[in-house]
Amino acid sequence: LFSIISAMIFLISVLTYDIVLHLLLVVYFFVSNQSVIQYNTYCQYIIYFLFIIYIFMQMYYNVNSNTLYGRLFMELNNTIATPLYKQLEEKLQHEIETGERPAGSRLPTENELSETYHVSRVTVRKALAGLSELGYLDRKSGKGTFVAEKKLHRSITEVISFTDMCRMMNATAGAKTIKIALEEPSEREIKEMSLKPGEKILVLERIRYMDDEPVIIELNKFPESFSFLFGEDLNDTSLFEVLKKHNIILDHSRKTLDIIFASPQEAKALNINKGYPLLRIKSTIHDVENTITNLCQQLCIGDKFTFIV
């Protein structure tokens, strides 16, 4: 269908252009007394040139069905190996990630999508199911399908920076330092971090932002040897990158998870209601030499994340 439509548009364009061009050339050759043979030769060259452009456009479309030329006709390409439902899924995912379909916006109905992209409702349904499973869509019975609020995909088993998580979701990470100070450690912290007698701990508390929206209150506790952090600007900065600059590579961790309810202070910091449920993640983090680098507690707004185990 795409080839037929594009061929018709090409022919109409050529005919229109050809008529106008002929009129201009007739005037030119009449005034300059050029021969009819030269006139026909000029026309043939122009037609050949336009035909070559059309061939290249067709080749480019077949190689990359997600080009602007392909999207112009709202067609999926049934001449390539990628199934139609997957092409539609990837196209809608691209529109969501680039903001063309913003969070909370309603998608067209299955019938409308079927007519727009010239595919069956089964194909549309399969594409939407795939996007729902990935967390891009919320399907509400009786209301329709909506673009879901952006969620960060986080692995529980891996150590990955918040900045990298945001980058993978095309989101902007931010950080605001609430507190950085040396404090006396508790007995548990002395034992768990193998601190020396009289050694203090460096306490770093920050709020983490995704696209300027607060999503995590993060509390890190380091041995006193990490006092170099006092000289670092930790606002809107990846702590992982700062530590890497000092040859400290975080490698693995042990985590425990539970649910708590936001206190008035936590609710204010995260711009949520008091008592809102938060996922608390406590981590003991080790570097590549298996040395404990820090203890970390994160209070996460759970519905902003998709956790992967």
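Since the model is a prediction, treat every value here as computed from it, not as a measurement.
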Requested in this report: With side chain to side chain donor-acceptor pair (under 3.5 Å) as the test, would you mind laying out the steps for Asp287 and His252 before giving the verdict?
Outcome: CA-CA 7 Å; Asp287 62 15; His252 59 280; over 6 Å; no
Report task. Would you sort out whether Ile216 and Leu299 count as a side chain to side chain contact (heavy atoms under 4.5 Å, CB included), showing the intermediate values? Result -> CA-CA 5 Å; Ile216 297 177; Leu299 303 182; 5.9 Å; no
**Report entry** Residue pair Glu232, His246: steps toward the side chain to side chain contact (heavy atoms under 4.5 Å, CB included) verdict
**Finding:** CA-CA 11 Å; Glu232 299 284 350; His246 292 271; 3.0 Å; yes
Requested in this report: Let me see the working for Glu224 and Ile201 under side chain to side chain contact (heavy atoms under 4.5 Å, CB included), right down to the final yes or no.
Outcome: CA-CA 5 Å; Glu224 194 172 350; Ile201 57 172; over 6 Å; no
Report task. Test side chain to side chain contact (heavy atoms under 4.5 Å, CB included) on Ile292 and Ser194 and set out the steps. Result -> CA-CA 8 Å; Ile292 294 177; Ser194 302; 5.8 Å; no
Report task. Could you check Asp303 against Tyr276 for side chain to side chain donor-acceptor pair (under 3.5 Å), going step by step and ending with a plain yes or no? Result -> CA-CA 11 Å; Asp303 53 12; Tyr276 197 91; 2.5 Å; yes
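Within 6.0 Å of CG in Asp212 there are 12 or fewer heavy atoms belonging to other residues, nucleotides or ligands. Heavy-atom contacts from other residues, nucleotides or ligands closer than 6.0 Å to CG of Asn273 number 12 or fewer. Residue Lys274 qualifies as open at atom NZ: its count of foreign heavy atoms under 6.0 Å is 12 or below.
Geometrically, Lys140 engages Phe146 in a cation-pi contact defined by less than 6.0 Å to the ring centre and at most 45° from the axis.
For Phe228 and Phe226, the ring centers are positioned less than 6.0 Å apart.
Residues Phe162 and Tyr209 approach most closely at CE2-O, 3.1 Å, considering heavy atoms. Here the closest non-hydrogen pair linking Arg206 and Arg208 is NH2-NH1, 3.2 Å. Here the shortest heavy-atom pairing between Thr293 and Pro223 reads O-CD, 3.1 Å. Closest approach of Pro102 and Ser105 over heavy atoms only: O-OG, 2.6 Å.
Side chain of Glu133 to main chain of Gly130: no donor-acceptor pair is present (N/O by atom type, distance under 3.5 Å, no hydrogens or angles). The backbone N or O of Thr82 sits less than 3.5 Å from a side-chain atom of Gln87, completing a donor-acceptor pair. The backbone N or O of Thr177 lies less than 3.5 Å from a partner atom in the side chain of Asn235, making a donor-acceptor pair. Listed for the Ser114 side chain is no donor-acceptor partner under 3.5 Å among the backbone atoms of Glu112. With hydrogens and angles ignored, the 3.5 Å screen pairs no side-chain donor or acceptor of Arg101 with any backbone N or O of His94. The backbone N or O of Lys196 sits less than 3.5 Å from a side-chain atom of Glu199, completing a donor-acceptor pair. A donor-acceptor pair under 3.5 Å is absent between the side-chain atoms of Asp251 and the main chain of His286, judged by distance alone.
Note on Leu182: it clusters hydrophobically with Leu204, by side-chain heavy-atom contacts below 4.5 Å among ILVMFWY residues. By the criterion of side-chain heavy atoms lying less than 4.5 angstrom apart, applied directly or through intervening Ile, Leu, Val, Met, Phe, Trp or Tyr residues, Val159 is grouped together with Ile248 in one hydrophobic cluster. In the hydrophobic clustering of ILVMFWY residues, with side-chain heavy atoms under 4.5 Å counting as a link, Leu219 and Leu295 come out together. In this structure, Ile207 is not a member of the same hydrophobic cluster as Val242, with clusters built from ILVMFWY side-chain heavy atoms closer than 4.5 Å. Placement of Leu134 and Tyr85 in two distinct hydrophobic clusters is found when ILVMFWY residues are connected by side-chain heavy-atom separations under 4.5 Å, directly or transitively.
Between Glu241 and Lys245 there is no salt bridge, since none of the side-chain N atoms of the basic residue sits less than 4.0 Å from a carboxylate O of the acidic one. Taking 4.0 Å as the cut-off between side-chain N and carboxylate O, Lys304 and Glu213 count as a salt-bridged pair.
Counting heavy atoms from C-beta outward, Phe222 and Leu229 have side chains that approach closer than 4.5 Å. Considering only heavy atoms from C-beta on, Ile249 comes within 4.5 Å of Lys244 through its side chain. You'll find the side chain of Leu137 reaches within 4.5 Å of the side chain of Leu128, heavy atoms only. Here the side chains of Glu100 and Ile96 are not in contact, with every heavy-atom distance at 4.5 Å or above. Here the side chains of Ile272 and Ile301 are in contact, with some heavy-atom distance below 4.5 Å.
Separating the OH atom in Tyr117 from the OG1 atom in Thr123 is a distance of 13.5 Å, to the nearest 0.5 Å. To the nearest 0.5 Å, atom CG of residue Asn220 and atom CG of residue Leu202 are 9.5 Å apart. In this structure, Lys255 NZ and Gln298 CD are separated by 8.5 Å, a value rounded to the nearest 0.5 Å. Between the OG atom of Ser132 and the CZ atom of Arg125 there is a distance of 12.5 Å, given to the nearest 0.5 Å. Taking NZ of Lys221 as the reference point, atom CD1 of Ile285 lies at 13.5 Å (rounded to 0.5 Å). With rounding to the nearest 0.5 angstrom, the CG atom of Leu243 is 7.5 Å from the CG atom of Asn294.
Residues passing the side-chain contact (heavy atoms from CB on, under 4.5 Å) test with Glu184 are Lys200, sequence neighbours excluded.
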Show every donor-acceptor pair shorter than 3.5 Å between a side-chain atom in residues 257-270 and any protein atom, with sequence neighbours excluded, or say none if there are none.
{"residue": "Asp258", "atom": "OD1", "partner": "Arg280", "partner atom": "NE", "Å": "3.0"}
{"residue": "Asp258", "atom": "OD2", "partner": "Arg280", "partner atom": "NE", "Å": "3.4"}
{"residue": "Asp258", "atom": "OD2", "partner": "Arg280", "partner atom": "NH2", "Å": "2.6"}
{"residue": "Ser263", "atom": "OG", "partner": "Gln265", "partner atom": "OE1", "Å": "3.4"}
{"residue": "Ser263", "atom": "OG", "partner": "Glu266", "partner atom": "N", "Å": "3.2"}
{"residue": "Ser263", "atom": "OG", "partner": "Glu266", "partner atom": "OE1", "Å": "3.3"}
{"residue": "Glu266", "atom": "OE1", "partner": "Ser263", "partner atom": "N", "Å": "2.9"}

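Of the listed residues (Glu89, Glu90, Glu97), just one forms a side-chain hydrogen bond (donor to acceptor under 3.5 Å, both in side chains) with Gln93, and that residue is Glu97.
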